Engineer: 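Input: one structure, supplied below.
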Protein chains: 2
Amino acid sequence: MVDKHTTALDKVLHLSMLVATDLARFEQESGLTSARVHLLWTLGLVGPGNQQSLASALNVTARNVTGLVDGLVTSGHVRREPHPTDRRATLVTPTALGRRTIGELQDSHRDLARRLFGAVPAPRLHAFVTTLDETITTFERLMEKQ
Amino acid sequence: MVDKHTTALDKVLHLSMLVATDLARFEQESGLTSARVHLLWTLGLVGPGNQQSLASALNVTARNVTGLVDGLVTSGHVRREPHPTDRRATLVTPTALGRRTIGELQDSHRDLARRLFGAVPAPRLHAFVTTLDETITTFERLMEKQ
DNA sequence: TATTGTTATACTCTATAACTATA
DNA sequence: TATAGTTATAGAGTATAACAATA
């Protein structure tokens, strides 16, 4: 039998694993890989940008972004455009297909959240989020100290 | 502004991402990769077994397990032993180093859980776990229907 | 000089298919 | 015939290092 703290952590990880499984189905259907979906999702969050900014946001090397963008150009999800002011840089911009895919990602994310938490009474959902906030804060303080 | 359901889901994912970051530090320090740590963790859960059972538990192909075990044999974490009754099979068994690593994994998992949730009042932690249980159940019912 | 992106190279994870030894 | 594991092959993600073009 495990202690109650471990139980809580394991259930958090279990839920996020299920969400990842759901995302994997999206990836299969769209013919995309996790890394490319991650790039598209980020593009949806921060808007068109150069590859360096994507590398920072994704926490990978610039070389890696080159490869991911190559793949997404081939699949027709993004375009490389000249940067308006810096001739060294390229502007990674979603195509119509890319914009549609990003929208579907955002919609299914929101739908999933609503289906998962829609039946939870408001006060309990509030307490749930409060606990998560405290936990995340605790974690970030722990990380700082090392 | 996002709705409260999306906020809840995003915070769950944020927390699990932080946990993954913590695990990544363990991987760096031990010189192991995620996939190999996952295999060791599974070995700790289910005990020594043949490669097919590991493949099922990890949800990857037998070929993939061959490669992971190759790496862990080279790093000295596991040994391939003859299966006592089936001469086709090999028994993947942790070495002393492997057992120590598995123990450290389990300890640091338990420690992390205690540090994250140790300060949460018992009733609120209980409600937290209840909400997670409901959510996981909801999710699994959603998956069945498709 | 510093930065952006690419070429060169290499390793890991992952998969499918064909094969050997054994059940 | 079926199963356990390996060899052969291939693609994707990731990294470091060297380099060209531009700032």
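The structure displayed is predicted, hence computed values, not measured ones. A, B, ... follow the sequence lines: proteins, then strands. Residue 1 opens every chain.
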Engineer: What is the distance, rounded to the nearest whole Å, between atom CD of Glu27(A) and atom P of dG13(D)?
Structural biologist: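 In whole Å, dG13(D) P lies 10 Å from Glu27(A) CD.
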
Engineer: Contact class for Arg63(A) vs. all strands (heavy atom < 4.0 Å): base, sugar-phosphate, or nothing?
Structural biologist: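 Base: the residue Arg63(A), judged by heavy atoms under 4.0 Å, touches a nucleobase.
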
Engineer: Expressed as a whole number of angstroms, how long is the span from Leu68(A):CG to dA12(D):P?
Structural biologist: 11 Å

Engineer: How many Å lie between NE2 on His38(B) and C1' on dT14(C), as a whole number?
Structural biologist: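 Roughly 14 Å, once rounded to whole Å.
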
Engineer: Can a side chain N or O of Thr66(B) be found less than 4.0 Å away from OP1 or OP2 on dG5(D)?
Structural biologist: no

Engineer: Rounded to the nearest Å, what distance is computed from the CZ atom of residue Arg88(A) to the P atom of nucleotide dA23(D)?
Structural biologist: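 From Arg88(A) CZ to dA23(D) P: 7 Å.
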
Engineer: Whole Å only: how far is the CG atom of Asn50(A) from the C1' atom of dT3(C)?
Structural biologist: 10 Å

Engineer: Any side-chain N or O of Gln51(A) under 4.0 Å from OP1/OP2 of dT6(C)?
Structural biologist: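 It does, given that an N or O in the side chain of Gln51(A) lies less than 4.0 Å from OP1 or OP2 of dT6(C).
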
Engineer: Please state how far atom CG in Leu32(A) lies from atom P in dA12(D), giving the value in whole angstrom units.
Structural biologist: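 Rounded to whole Å, this separation is 12 Å.
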
Engineer: Within the structure shown, what part of the strands sits under 4.0 Å from Thr33(A) by heavy-atom distance: base, sugar-phosphate, or nothing?
Structural biologist: sugar-phosphate

Engineer: Atom CG of Leu54(B) to atom P of dT6(D): distance rounded to whole Å?
Structural biologist: 12 Å

Engineer: Of the nucleotides dA21(D), dT14(C), dG5(D), which has the atom closest to the Ala89(B) side chain?
Structural biologist: dG5(D)

Engineer: Does a side-chain N or O of Asn64(B) approach OP1 or OP2 of dA15(C) to a distance below 4.0 Å, or not?
Structural biologist: yes

Engineer: Counting the atoms with a prime plus P, OP1 and OP2 as sugar-phosphate, which does Ser34(B) contact under 4.0 Å by heavy atoms, base, sugar-phosphate, or nothing?
Structural biologist: nothing

Engineer: Is Lys11(B) salt-bridged to Asp133(A), going by a charged N under 4.0 Å from an acidic O?
Structural biologist: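 Yes, Lys11(B) and Asp133(A) are salt-bridged.
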
Engineer: OP1 or OP2 of dT6(C) sitting under 4.0 Å from any side-chain N/O of Arg80(A)?
Structural biologist: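 For dT6(C), OP1 or OP2 has a side-chain N or O of Arg80(A) closer than 4.0 Å.
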
Engineer: Apply the test side-chain hydrogen bond (donor to acceptor under 3.5 Å, both in side chains) to residues Ser53(A) and Asn50(A): give CA-CA distance (whole Å), side-chain angles for both, the deciding distance (0.1 Å), then the verdict.
Structural biologist: CA-CA 6 Å; Ser53(A) 66; Asn50(A) 67 17; 3.2 Å; yes

Engineer: Before accepting this row, confirm whether a basic side-chain N of the pair Arg80(A)/Asp70(A) lies closer than 4.0 Å to the acidic partner's carboxylate O.
Structural biologist: yes

Engineer: Round to the nearest Å and state the distance from Leu72(B) atom CG to dT12(C) atom P.
Structural biologist: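 Rounded to whole Å, this separation is 11 Å.
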
Engineer: Quick one: does Thr93(A)'s side chain have a donor or acceptor within less than 3.5 Å of a partner on Pro48(A)'s backbone?
Structural biologist: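 No, Thr93(A) side chain to Pro48(A) backbone: no donor-acceptor pair under 3.5 Å.
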
Engineer: If you compare every side-chain N and O of Thr61(B) against the phosphate oxygens of dT14(C) (OP1, OP2), does one of them come in below 4.0 Å?
Structural biologist: no

Engineer: Is it true that Arg99(A) and Glu104(A) have a side-chain N and a carboxylate O under 4.0 angstrom from each other?
Structural biologist: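 Answer for the salt bridge query: no.
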
